[in-house]
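Presented below is the structure to which this report refers.
Here the structure is a predicted model, which means the values were calculated and not measured.
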Amino acid sequence: MQDFKQLKVWQRSHALVLRIYMATSTFPDSERYGITSQMRRAAASIPANIAEGCARGGQSELRQFLYLSAGSASELEYFLLLARDLRLLPEKQHEALYATLHEIRRMLTGLIQRVGNRHRASLNSSVPPQKATRPTNEERIATTNQNSSPLHQQLTTKDYQQRHSPQR
């Protein structure tokens with residue numbers, strides 16, 4: 001069992017939940033039980049699953065909850081696109097939330113891989129796995145973010161649609 005509050009991915013995902021609540025507070029009342037509720041639920045599910053996984057007994061259970069968290073992140077990604085396309089979220093706000101979500105997904109992927117490696121190592125050896133000497137995914141992300149903005153590291157949805165839409 002580990003303290004989930006110490007994980008940077010949990011801290012960032014919790015901060016994203018707060019931002020999602022703020023963003024959806026301006027949505028119309030007619031969406032209270034629709035997209036507002038769905039976005040908040042998907043966003044809150046990310047750090048909630050991380051927390052639950054940390055409370056479980058083994059690495060395989062933690063990994064399973066991290067996968068659930070990643071699934072919720074994908075669900076939130078769709079709702080962000082939908083909210084933007086419905087013009088409930090301004091483009092700049094969508095880009096900022098999407099960039100944060102993309103960073104969280106990368107962190108989750110790295111953590112899933114590390115947990116999986118620890119689990120495999122413990123199955124293959126009676127000696128506990130040693131701490132990795134190469135930089136962690138979170139450290140690489142921090143270094144990358146110091147050098148460039150996450151928004152410059154990805155195509156925006158608009159750019160993607162322009163590049164991949166059929167020529168008319």
Side-chain angles (χ1 to χ4, degrees), residues 1-25 35-81 83 89 92-157:
M1 181 199 252
Q2 59 183 341
D3 183 8
F4 63 88
K5 293 178 290 239
Q6 300 302 314
L7 294 173
K8 288 184 182 183
V9 68
W10 181 87
Q11 294 168 2
R12 293 224 171 98
S13 59
H14 176 69
L16 177 62
V17 174
L18 300 176
R19 290 175 59 195
I20 292 294
Y21 267 75
M22 292 297 294
T24 57
S25 68
I35 193 170
T36 301
S37 174
Q38 293 283 40
M39 285 180 73
R40 289 176 174 186
R41 185 194 53 76
S45 184
I46 299 168
N49 278 306
I50 295 169
E52 187 169 355
C54 287
R56 297 296 176 128
Q59 296 295 314
S60 61
E61 287 180 300
L62 170 58
R63 198 161 119 236
Q64 181 61 35
F65 279 93
L66 293 174
Y67 276 118
L68 291 172
S69 186
S72 295
S74 293
E75 186 179 354
L76 179 58
E77 179 182 359
Y78 167 70
F79 286 121
L80 285 172
L81 289 170
L89 276 180
K92 284 187 178 189
Q93 189 177 24
H94 170 265
E95 287 176 4
L97 291 169
Y98 180 81
T100 301
L101 180 60
H102 182 71
E103 177 187 17
I104 290 166
R105 289 180 66 177
R106 288 189 336 212
M107 293 170 80
L108 280 168
T109 299
L111 187 54
I112 288 167
Q113 290 172 352
R114 279 191 314 210
V115 169
N117 290 339
R118 286 185 201 149
H119 179 68
R120 280 188 291 280
S122 66
L123 291 176
N124 295 330
S125 168
S126 60
V127 178
Q130 300 225 344
K131 186 173 181 173
T133 56
R134 60 184 192 174
T136 65
N137 196 36
E138 290 178 5
E139 291 166 341
R140 284 192 296 272
I141 290 169
T143 303
T144 302
N145 288 341
Q146 290 172 355
N147 298 328
S148 65
S149 166
L151 291 175
H152 293 107
Q153 297 170 9
Q154 62 186 344
L155 291 173
T156 64
T157 304

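Residues R12 and T100 bring no donor and acceptor atom of their side chains to less than 3.5 Å of each other. In this model, no donor atom of one side chain and acceptor atom of the other lie less than 3.5 Å apart for R41 and S72.
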With side-chain contact (heavy atoms from CB on, under 4.5 Å) as the criterion, how do D3 and C54 come out once you've worked through the C-alpha distance, each side chain's angles and the decisive distance to 0.1 Å? CA-CA 7 Å; D3 183 8; C54 287; over 6 Å; no
Step-by-step side-chain contact (heavy atoms from CB on, under 4.5 Å) determination, L68 to S45: CA-CA 8 Å; L68 291 172; S45 184; over 6 Å; no
Going through the distances and angles, do E77 and R105 end up as a side-chain contact (heavy atoms from CB on, under 4.5 Å)? CA-CA 10 Å; E77 179 182 359; R105 289 180 66 177; 2.2 Å; yes
side-chain contact (heavy atoms from CB on, under 4.5 Å), that's the test. Do F79 and I35 meet it? Break it down for me. CA-CA 7 Å; F79 286 121; I35 193 170; 4.1 Å; yes
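Taken from CG in L97 to CE in M22, the straight-line distance is 11.5 Å, to the nearest 0.5 Å. For the atom pair CG (L80) and CD (Q93), the distance works out to 9.5 Å, reported to the nearest 0.5 Å. Note that the CG atom of N49 and the OH atom of Y67 stand 14.0 Å from one another [nearest 0.5 Å]. Here CE of M39 is found 6.5 Å from OG1 of T24. Values are rounded to the nearest 0.5 Å.
Closest heavy-atom contact between R63 and V115: CB-CG1, 3.9 Å. Minimum interatomic distance between S13 and I46 (heavy atoms only, all atoms of both residues): CB-CG2, 3.6 Å. When every heavy atom of L81 is checked against every heavy atom of H94, the shortest pair comes out as CD2-NE2, 3.8 Å.
No donor-acceptor pair closer than 3.5 Å links the side chain of E52 to the backbone N or O of F65.
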